[in-house]
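The structure appears right after this line, and notes come after that.
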Amino acid sequence: MKAMVLCSSPRRDGNSTAMAIAVAEGLLDAGHEVETVHVDDILSAMLRDCRQCRTPDGGCAIDDGFRQAFFGSYLPADGFVAASPIYWYGVSAQLKAFFDRMFCYVAASHPQSASVVAQMTGKRIGLVLSSEETYPTVSAGPEHQLQEFCRYTRSTFVGVVHGHGNARSDIHRDPSDPIGRARLFGRSFFSAHASDYQIDTPRSGRVWA
């Protein structure tokens with residue numbers, strides 16, 4: 001199987017990135033193909049007004065590496081693991097922008113929308129988080145967002161690995177061993193049991209008919 005691991009922290013050597021690397025190592029240990037991507041390498045701008053921003057052929061006019069990563073890495077992947085620090089009880093702005101930018105290609109105004117939507121469905125998706133705070137529901141917002149994304153795309157939310165730390169390398173001192181758990185998460189990512197109800201709801205390109 002093929003997986004994409006996305007590091008969304010601006011820290012290349014930060015805690016969530018260390019956990020993402022451990023997930024990738026676990027995936028490789030299990031014999032899967034893995035591509036690890038840093039979102040700062042591919043994304044330079046937020047989503048704009050697609051009705052005004054599109055190129056004449058219907059594509060996205062933002063000139064960065066998102067399109068190549070989306071079509072070349074995300075869509076062909078059987079699984080996707082997002083890694084993020086928790087900022088203000090949500091995911092990083094970079095990770096949110098990565099998901100937002102998908103809209104350009106799933107909107108009804110994009111000429112290949114139907115094909116893109118078909119390739120977005122049915123993936124296995126995981127989440128890796130690091131945070132300074134340790135109370136039980138600090139990760140509730142990011143987990144809910146990813147779970148709803150999975151529901152929307154008829155994907156399987158495999159689960160979450162959450163470690164605690166602030167300064168670089170703090171994650172290695174967490175007694176719950178998030179690095180080890182992240183590596184195990186990667187090893188079992190495509191085989192672990194995960195279930196959720198799914199409703200197939202046809203949607204038009206507009207809210208109001």
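In what follows, residues are counted from 1 in the order of the sequence shown.
A donor-acceptor pair under 3.5 Å is formed between the side chain of S113 and the backbone N or O of A107. For the pair N15 (side chain) and A167 (backbone), a donor-acceptor distance under 3.5 Å is present. Between the side chain of R48 and the backbone N or O of C60, no donor-acceptor pair lies under 3.5 Å. Within the 3.5 Å criterion, the main-chain N or O of A192 finds a donor-acceptor partner in the side chain of R124. Side chain of S8 to main chain of A83: a donor-acceptor pair is present (N/O by atom type, distance under 3.5 Å, no hydrogens or angles). Between the side chain of K123 and the backbone N or O of C150 there is no donor-acceptor pair closer than 3.5 Å.
Around the CZ atom of F99, the shell of radius 6.0 Å holds more than 12 heavy atoms that belong to other residues, nucleotides or ligands. Atom CG of D63 sits in a sparse spot, with 12 or fewer heavy atoms from other residues, nucleotides or ligands closer than 6.0 Å. Atom CD of E132 sits in a sparse spot, with 12 or fewer heavy atoms from other residues, nucleotides or ligands closer than 6.0 Å.
Counting heavy atoms from C-beta on, the side chains of F149 and M102 come closer than 4.5 Å.
Of all non-hydrogen atoms in V158 and A194, the two that sit nearest each other are CA-CB, 3.9 Å. Closest approach of R54 to H110, counting heavy atoms only: NH1-CD2, 3.5 Å. Between H164 and E133, the closest heavy-atom pair is CD2-O, 3.0 Å. Across all their heavy atoms, R11 and T17 have their closest contact at O-OG1, 3.0 Å. Nearest heavy atoms, A22 versus A182: CB-CB, 3.8 Å.
To the nearest 0.5 Å, atom CG of residue L127 and atom CE of residue M19 are 9.0 Å apart.
Judged purely by distance below 3.5 Å, without hydrogens or angles, the side chains of D64 and S44 pair a donor atom with an acceptor atom. Side chains of S176 and R181: a donor-acceptor N/O pair is present below 3.5 angstrom, by distance only.
Under a hydrophobic-cluster definition in which Ile, Leu, Val, Met, Phe, Trp and Tyr are linked whenever side-chain heavy atoms come within less than 4.5 Å, directly or via other members, V23 and F98 are assigned to different clusters.
Ring-plane geometry between F66 and Y105 is classed as parallel, the angle between the planes falling under 30 degrees on a 0 to 90 degree scale with a further cut at 60. The aromatic rings of Y74 and F70 lie parallel to each other, with less than 30° between the two planes, well short of the 60° mark.
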